[in-house]
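Below: the structure, in structure tokens.
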There are 2 protein chains.
Amino acid sequence: MTSGTEVEAPTQRSLRKADRRAAILDAAAALFAARGYAGVTLDELGAAVGVSGPAVYRHFPGKGAVLAAILVDASRALLDGAERVLAVDATPEAALRALIRFHVEFAVGDADVIAVQEREVTQLDPAARHEMRTLQRTYVEHWVGVLDRLRPDLAEEELRVRAHAAFGLMNSTPHSARTPGRRPAATTIRGILEEMTWASLMS
Amino acid sequence: MTSGTEVEAPTQRSLRKADRRAAILDAAAALFAARGYAGVTLDELGAAVGVSGPAVYRHFPGKGAVLAAILVDASRALLDGAERVLAVDATPEAALRALIRFHVEFAVGDADVIAVQEREVTQLDPAARHEMRTLQRTYVEHWVGVLDRLRPDLAEEELRVRAHAAFGLMNSTPHSARTPGRRPAATTIRGILEEMTWASLMS
DNA sequence: ATTTGATGTTAGTGGCGACTAACCGAAACG
DNA sequence: CGTTTCGGTTAGTCGCCACTAACATCAAAT
């Protein structure tokens with residue numbers, strides 16, 4: 001240990017390792033979304049990334065940690081995105097439009113992650129659940145803050161209910177994505193969801 | 001067996017049995033909503049209704065059947081409700097308003113069931129899943145039918161996306177219900193959700 | 001009053017799957 | 001180069017929990 005904060009070796013081994021870790025998280029999100037956290041074995045998860053079984057333990061301390069990483073990463077990504085948006089947009093209208101656009105983009109683009117996040121919270125260990133809840137609460141408060149400037153007539157509790165309702169609307173893609181037959185293109189879906197969300201929040 | 005369709009004995013035993021069955025389904029919905037289907041053991045489920053362990057097998061062939069009963073019952077209740085609504089209301093506006101009111105009432109009143117229905121589909125055995133999907137598809141088509149009369153300008157695929165988005169919005173109570181602190185009364189929440197859903201669908 | 005059968009009980013059993021152990025080959029590093 | 005460390009392997013182990021067995025009890029038919 002030389003001193004202080006290390007950035008260190010961009011060694012070839014560590015790169016492959018980072019790749020594998022990302023691949024595991026990706027595959028896990030898809031598998032968990034399709035068959036549920038409990039319905040996926042570590043052997044299957046390993047097989048999905050081309051290694052088999054307990055190799056996952058070289059990257060995560062256990063199955064629960066994989067789930068935790070997916071959920072916490074997602075919550076942090078959402079929060080970061082929201083704060084980036086809020087740092088830029090001045091007026092409440094522009095801010096809300098940007099928040100909606102960002103959230104819809106995320107939900108449509110990472111439908112698997114959204115599905116897992118909505119379904120498997122109950123399976124999280126207390127520590128990870130707490131971390132995720134904290135991130136989510138802050139995220140909600142950013143929305144409520146913007147809504148409050150737009151709708152000062154409404155109570156904060158009502159605004160919170162409205163924010164959650166908007167999330168439910170925007171997060172609906174995992175459900176409609178499972179319908180058979182012709183589905184509209186992703187861009188079309190984004191447009192619809194953005195429009196509906198705006199209208200619902202402004203009603 | 002005397003003949004044909006039997007209605008038979010409203011015997012005291014069969015009444016207690018029906019009660020117990022209902023109690024099991026109720027407790028199961030609450031437990032599954034709180035800790036997830038996989039996170040609940042049959043012993044716990046039994047304990048929640050005052051019997052312990054394998055007594056559940058006197059009422060259901062297995063744990064999976066309990067989940068299936070909850071989900072299929074819920075889907076059937078929603079479908080029945082929608083068809084009752086559509087049999088009464090003449091104009092598309094009135095029909096949509098009534099559909100929204102009914103669905104919101106159900107979602108807010110039976111938040112546990114809604115939560116389980118949204119989260120645990122993946123755990124269903126194929127037969128039950130198929131039955132549930134059929135019921136749900138018909139339910140969606142009723143909504144799309146009404147929307148189509150109100151918004152003939154929009155393509156059916158878009159209407160289906162909109163219907164799913166509306167469900168996500170109306171089903172958001174299980175999520176907002178978990179927030180700490182003062183929450184608005186159920187009737188207030190219903191009003192907010194009805195208003196937002198209407199606005200989103202009409203936008 | 002007797003028999004039947006439904007609803008419970010407690011004590012197993014069996015399988016599945018997360019996790020551990022022991023061992024390999026090859027980067028990384030002096 | 002020698003050695004360490006890392007990412008992988010295969011072969012267990014261990015605990016949990018859905019389900020089964022065997023038995024008790026009491027409503028309900030006869």
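Residue numbers begin at 1 in each chain, while the letters A, B, ... track the order of the sequences.
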Inset, instruction - Nearest whole angstrom, please: distance from the P of dG8(D) to the CG of Leu42(A). - result: 14 Å
Legend entry - The single option from Asp112(A), Asn171(A), Leu78(A) passing side chain to side chain contact (heavy atoms under 4.5 Å, CB included) against Gln117(A): Leu78(A)
Inset, instruction - In sequence, state the C-alpha distance, the side-chain angles, and the governing distance for Thr173(A) and Ile114(A), and then conclude on side chain to side chain contact (heavy atoms under 4.5 Å, CB included). - result: CA-CA 9 Å; Thr173(A) 20; Ile114(A) 288 289; 5.8 Å; no
Legend entry - side-chain hydrogen bond (donor to acceptor under 3.5 Å, both in side chains) partners for Glu158(B), two or more places apart: Arg162(B)
Legend entry - Between P of dA29(D) and CD of Gln12(B), the distance in whole Å: 11 Å
Legend entry - Between P of dA18(C) and CG of Asp125(A), the distance in whole Å: 16 Å
Inset, instruction - Answer yes or no: does a side-chain N or O of Thr11(B) lie under 4.0 Å from OP1 or OP2 of dA28(D)? - result: yes
Inset, instruction - Count the heavy atoms belonging to other residues, nucleotides or ligands that lie under 6.0 Å from CZ of Arg16(A), then report whether that count exceeds 12. - result: no
Legend entry - Nearest-Å distance for atom pair CG/P, residues Asp43(A) and dG8(D): 15 Å
Inset, instruction - Mark yes when over 12 heavy atoms from residues, nucleotides or ligands other than Arg151(A) sit less than 6.0 Å from its CZ; otherwise mark no. - result: yes
Inset, instruction - Can you sort out which residues in residues 45-60 of chain A have a heavy atom within less than 4.0 Å of DNA chain C? Ascending by number, please. - result: Pro54(A), Tyr57(A), Arg58(A)
Inset, instruction - Start with the C-alpha distance between Arg13(B) and Lys17(B), add both sets of side-chain angles, then the distance that settles side chain to side chain contact (heavy atoms under 4.5 Å, CB included), and finish with yes or no. - result: CA-CA 6 Å; Arg13(B) 236 212 213 133; Lys17(B) 170 139 182 161; over 6 Å; no
Inset, instruction - Would you kindly give the CG-to-C1' distance between Leu31(B) and dA18(D), to the nearest whole Å? - result: 16 Å
Legend entry - Any residue of residues 19-27 of chain B with a heavy atom less than 4.0 Å from an atom of DNA chain C: Arg20(B)
Inset, instruction - Would you kindly give the NZ-to-P distance between Lys17(B) and dT7(C), to the nearest whole Å? - result: 4 Å
Inset, instruction - Assess the pair His175(B) and Phe167(A): is the distance between their ring centroids shorter than 6.0 Å? - result: no
Legend entry - Arg13(A) CZ - dG25(C) P separation (whole Å): 15 Å
Inset, instruction - Report, as yes or no, whether the 6.0 Å neighbourhood of atom CZ on Arg129(A) holds more than 12 heavy atoms from other residues, nucleotides or ligands. - result: yes
Inset, instruction - Establish, yes or no, whether the cationic atom of Lys63(A) lies under 6.0 Å from the six-membered ring centre of Tyr57(A) and within 45° of the ring axis. - result: no
Inset, instruction - Whole angstrom is fine here: how far is it from NZ in Lys63(B) over to C1' in dC19(D)? - result: 12 Å
Inset, instruction - Mind checking Val40(B) for me? I need base, sugar-phosphate or nothing, with any heavy atom below 4.0 Å counting as a touch. - result: sugar-phosphate
